[in-house]
Amino acid sequence: MLNKINRLTKDKDFNNAWKRGQASFDKIIGVKIAANKQSNSRFGILVSVKISKKAVERNKIKRQIREIIRLWLGGIKPGYDVVIITLPAVLDKSYDEINKSINRHFKKLGLLN
């Protein structure tokens, strides 16, 4: 579980990252980042009903992504709002494939130290 200070919770924060942020997308996941004026990075995860109508599957994907973020948190630059958007192909992918995809996006966007 991510600490409360590392979570995006408000709609205005999601919208800010969505509108002003840099983006990186592939067939599995999309990532948008925007700078914030805080000493830590915050993360939000979007898993739409379009991905799966089953809440169990959507929650499993969210848990996997949260765990990936938690493991990478020490190497991520502070001061960013990050929104991770899942695409329908994520259902067929393993944990390792999702991890590699997120890692590629973080490197591409310059989010890793």
Side-chain angles (χ1 to χ4, degrees):
M1 184 95 182
L2 283 174
N3 291 332
K4 193 168 186 172
I5 60 171
N6 294 115
R7 290 186 226 157
L8 276 177
T9 56
K10 297 188 172 137
D11 282 343
K12 71 175 188 167
D13 295 331
F14 273 94
N15 290 335
N16 184 36
W18 188 258
K19 290 177 184 174
R20 295 184 328 128
Q22 295 177 314
S24 175
F25 281 84
D26 64 11
K27 294 181 180 183
I28 305 171
I29 287 177
V31 177
K32 287 204 160 218
I33 66 166
N36 66 21
K37 296 176 182 173
Q38 297 184 359
S39 61
N40 57 338
S41 289
R42 301 182 301 174
F43 299 87
I45 303 167
L46 298 175
V47 182
S48 171
V49 177
K50 292 179 183 179
I51 304 298
S52 174
K53 291 185 179 179
K54 296 178 181 176
V56 172
E57 292 176 352
R58 294 192 309 269
N59 290 335
K60 179 181 177 186
I61 293 167
K62 284 189 257 188
R63 283 194 309 272
Q64 289 177 340
I65 293 172
R66 271 192 225 111
E67 180 63 14
I68 291 167
I69 292 169
R70 189 186 66 78
L71 294 174
W72 281 100
L73 201 55
I76 294 175
K77 292 180 183 176
Y80 288 97
D81 286 341
V82 181
V83 177
I84 298 175
I85 304 109
T86 57
L87 302 172
V90 78
L91 277 178
D92 303 330
K93 303 300 177 186
S94 69
Y95 175 85
D96 291 330
E97 291 172 312
I98 296 170
N99 190 6
K100 287 177 186 174
S101 177
I102 291 175
N103 187 16
R104 268 195 312 270
H105 291 302
F106 285 178
K107 284 182 182 175
K108 181 179 177 182
L109 294 170
L111 200 58
L112 297 177
N113 287 331

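Between Leu91 and Ile61, the closest side-chain pair of non-hydrogen atoms falls below 4.5 Å. Annotation: side chain of Phe43 is in contact with side chain of Leu73 (closest heavy-atom distance under 4.5 Å).
Grouping the Ile, Leu, Val, Met, Phe, Trp and Tyr side chains by contacts below 4.5 angstrom, directly or via other members, places Ile51 with Ile28. Residue Trp72 is grouped with residue Ile98 when hydrophobic side chains (ILVMFWY) are merged at heavy-atom distances under 4.5 angstrom, including chains of intermediate members. Follow the hydrophobic side-chain contacts under 4.5 Å out from Ile68 and you reach Ile76 in the same cluster. No path of Ile, Leu, Val, Met, Phe, Trp and Tyr side chains, each step under 4.5 Å between heavy atoms, connects Phe25 with Val90, placing them in separate hydrophobic clusters.
The backbone N or O of Tyr95 lies less than 3.5 Å from no partner atom in the side chain of Asn99, so there is not a single donor-acceptor pair. Looking only at distances, no side-chain donor or acceptor of Ser39 sits under 3.5 Å from a matching main-chain atom of Gly79. Under a 3.5 Å cut-off, the side chain of Ser41 and the backbone N or O of Lys77 do form a donor-acceptor pair.
Atom NZ of Lys62 is surrounded by more than 12 heavy atoms from other residues, nucleotides or ligands within 6.0 Å.
Taking CZ of Arg66 as the start and CZ of Arg7 as the end, the distance is 7.5 Å to the nearest 0.5 Å. Atoms NE2 and CD1, on His105 and Ile33 in that order, are 12.0 Å from each other to the nearest 0.5 Å. Atom OG of Ser48 sits about 10.0 Å away from atom CG of Leu87, to the nearest 0.5 Å. Interatomic distance, Ile102 CD1 to Ser24 OG, rounded to the nearest 0.5 Å: 11.0 Å.
The side-chain contact (heavy atoms from CB on, under 4.5 Å) test applied to Val49 returns Lys53, Arg58, not counting sequence neighbours. Taking the side chain to side chain donor-acceptor pair (under 3.5 Å) definition, one finds that Arg70 meets it with Glu67, sequence neighbours left out. Evaluation of the side-chain contact (heavy atoms from CB on, under 4.5 Å) rule for Asn40 yields Ile5, Asn6, Gln38 as partners, not counting sequence neighbours.
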Which pairs would a plain distance check flag for residues 106-113, meaning a side-chain donor or acceptor within less than 3.5 Å of a matching protein atom at least two apart in sequence or in another chain?
none

Validation: residues 9-19 side-chain donor-acceptor distances under 3.5 Å, sequence neighbours left out:
{"unit_1": "Asp13", "atom_1": "OD2", "unit_2": "Arg42", "atom_2": "NH1", "d": "3.4"}
{"unit_1": "Asn15", "atom_1": "ND2", "unit_2": "Asp11", "atom_2": "O", "d": "3.3"}
{"unit_1": "Asn16", "atom_1": "OD1", "unit_2": "Arg20", "atom_2": "NE", "d": "2.5"}

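Residue pairs that meet the salt bridge (charged side-chain N to carboxylate O under 4.0 Å, His left out) test with at least one member in residues 25-39, sequence neighbours left out, are Asp26-Arg104.
The two residues Thr86 and Val47 have their closest heavy-atom pair at OG1-CA, 3.4 Å. In terms of heavy atoms, Ser101 sits closest to Ile29 at OG-CB, 4.0 Å.
Screening Ile45, Ile69, Leu8 against Leu2 for a side-chain contact (heavy atoms from CB on, under 4.5 Å) leaves a single residue, Ile69.
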